[in-house]
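All chains are named by letter (A, B, ...) in the order of the sequence lines, taking the proteins before the strands, and each is independently numbered beginning at 1. Computed over heavy atoms, backbone and side chain alike; hydrogens, waters and symmetry mates excluded.
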Number of protein chains: 2
Amino acid sequence: MNISQTESKSNRTRSRILHAAAKTFRQHGYASSSLREIADVAEMQAGSLYYHFESKDELAEAVMDAGVTQACQHAEAGVAALGDAANPLDCIAAAFRGHLNYLLQESDFAVATLRMLHQTPEAIRIRHTHKQRAFGRFYASLFERAQREGFIRPEFNLSALRMLLLGALNWSPEWFDDSGLSPDELVDQLNQMMQCGITPDKLAAFKNRDSARRRVQ
Amino acid sequence: MNISQTESKSNRTRSRILHAAAKTFRQHGYASSSLREIADVAEMQAGSLYYHFESKDELAEAVMDAGVTQACQHAEAGVAALGDAANPLDCIAAAFRGHLNYLLQESDFAVATLRMLHQTPEAIRIRHTHKQRAFGRFYASLFERAQREGFIRPEFNLSALRMLLLGALNWSPEWFDDSGLSPDELVDQLNQMMQCGITPDKLAAFKNRDSARRRVQ
DNA sequence: GTCTATAGGTTGATAGAC
DNA sequence: GTCTATCAACCTATAGAC
């Protein structure tokens, strides 16, 4: 009893520090965030952080780990909710929905992670890249299945396609607040563009034929 | 004569410092890049930087200004090369081509700018946001014309669409080196997805466009 | 214009009281 | 577990020699 209560208390403090760090790192990046500021947000003194974390680096890495893990979990949960019979494009769309709702609503962790990438010591960056790849493979398998089953045209380079789309997601926290859209509306736009393109078919086909002819003449 | 030679020498040194700063900021971000390191790359002593720049902030802002300006110029140049008769989707594709070729090949400035955004003092960030908006309006006008003329379906929120696509561009330096693609191949994938989507049924429409685009390069 | 030397301030981290 | 006090290292920026 005593032990579990003690652990629970310690864990809650640790969590409070992690949230404070994520918030601060998100706002100012890694190097510009001092332990004094993080401690201030967590309502403690800077020296006290060291009871829970060995160094600033360890704290940063813990935030980054949580950032990838949580983003991955939300994307996977989106797919899982669809059930087994879903078609591959719906799976990708659902992963984006889970991922983006998390990225835009809940998460200082994931956004802090994206913004800290090129500031942390190299050892951290290397380890983080490996963890990130596991997340990448999850998405890669969704795209591979979709292409294999004929839902994505064979000429697409799946790796490039995946990274372009993840880039669109990852960049969205930079501007989303000014857009006036809801996360779900934004995902709808992305999925529409991804699956059907932006042109009205017949009009585009017609105009394009036109402009092609004009240019070839 | 003397004056112009002096100015030329001074300008060349200034440029050397700017390039060193861009390279260093790109690699480590704003706060983690010390003036000593920048000076080292520029092959001078840290104190000497102050003859050319008043502060680290001014140096950072100069790099960021160059980053937006150059990216904007390359996007505009891509469109300008098309001539007046080009259709709106070709204009967007050409802007992406110019923009992305710059972002992936030439530029420490633009990438450093993207990575410094949330680390600089707020005054810099605010001024930079204003300059960035001018670039945004350039793209916005391309998309508005395309939608007005029927090349983009009316249900698309143009602002969201634009920012999603620019996010895909802005994120590409993070992974491009591992992709094995050329910048032009990457732009082709992006433009294909944007215009026709990734599913098989619209392939024919794009192939029509393809011959037109390739003549323009 | 560039150098060296250094002031003045902040940072990550440690030690010891409670 | 948290606090206060403090150290050593590093940073930006300045001053003055050349």
(message) Quick one: does any side-chain atom of A:Arg115 pair with a main-chain N or O of A:Gly29 as donor and acceptor, under 3.5 Å?
(response) no
(message) Using a 3.5 Å distance criterion without hydrogens, assess whether the side chain of A:Ser179 forms a donor-acceptor pair with backbone atoms of A:Phe176.
(response) yes
(message) Can you tell me how far apart CD (B:Gln189) and CG (A:Leu158) are? Round to the nearest 0.5 Å.
(response) 8.5 Å
(message) OP1 or OP2 of D:dA13 versus the side-chain N and O atoms of B:Tyr50: is any pair under 4.0 Å?
(response) yes
(message) In this structure, how many angstroms lie between the P atom of D:dG1 and the CZ atom of A:Arg12, rounded?
(response) 11 Å
(message) I'd like to know if B:Asp108 and B:Lys23 make a salt bridge, using a cut-off of under 4.0 Å between side-chain N and carboxylate O.
(response) no
(message) Keeping A:Arg153 on the side-chain end and B:Thr199 on the backbone end, is there a donor-acceptor pair under 3.5 Å?
(response) yes
(message) Whether A:Glu149 and A:Arg145 form a salt bridge (side-chain N of Lys/Arg under 4.0 Å from carboxylate O of Asp/Glu) is what I want to check.
(response) yes
(request) Please work out whether the ring planes of A:His74 and A:Tyr102 are parallel, tilted or perpendicular, with thresholds of 30° and 60°. (result) parallel
(message) Between P on C:dG1 and CD1 on B:Ile17, what's the gap in Å once rounded to a whole number?
(response) 11 Å
(message) What is the distance, to the nearest angstrom, from the CZ atom on A:Arg14 to the C1' atom on D:dT2?
(response) 17 Å
(message) For DNA chain C, which residues of residues 32-39 of chain A approach it to below 4.0 angstrom with any heavy atom?
(response) A:Ser33, A:Ser34, A:Leu35, A:Arg36
(request) Kindly state each residue pair satisfying side chain to side chain donor-acceptor pair (under 3.5 Å) with at least one member in residues 126-138 of chain B, sequence neighbours excluded. (result) B:Glu61-B:Arg127, B:Glu61-B:Lys131, B:Asp65-B:Lys131
(request) Kindly compute the distance separating CG (B:Leu169) from CE (B:Met163), expressed to the nearest 0.5 Å. (result) 10.5 Å
(message) Considering only residues two or more places apart or on different chains, which pairs with a residue in residues 43-58 of chain B satisfy side chain to side chain donor-acceptor pair (under 3.5 Å)?
(response) B:Tyr30-B:Asp57
(request) Take the protein atom CZ of A:Arg16 and the nucleotide atom P of D:dG1, then report the distance between them rounded to whole Å. (result) 12 Å
Could you pull out the protein-nucleic contacts involving nucleotides 3-5 of chain D (nitrogen or oxygen on both sides, under 3.5 Å)?
unit_1, atom_1, unit_2, atom_2, d
D:dC3, OP2, A:Gln45, N, 2.7
D:dC3, OP2, A:Ser48, OG, 2.7

(request) Determine which pairs satisfy side chain to side chain donor-acceptor pair (under 3.5 Å) with at least one residue from residues 158-168 of chain B, sequence neighbours left out, and list them in order. (result) none
(message) Below 4.0 angstrom, which residues in residues 52-64 of chain B have at least one non-hydrogen atom near DNA chain C?
(response) B:His52
(request) Take the protein atom OH of B:Tyr30 and the nucleotide atom P of D:dC11, then report the distance between them rounded to whole Å. (result) 13 Å
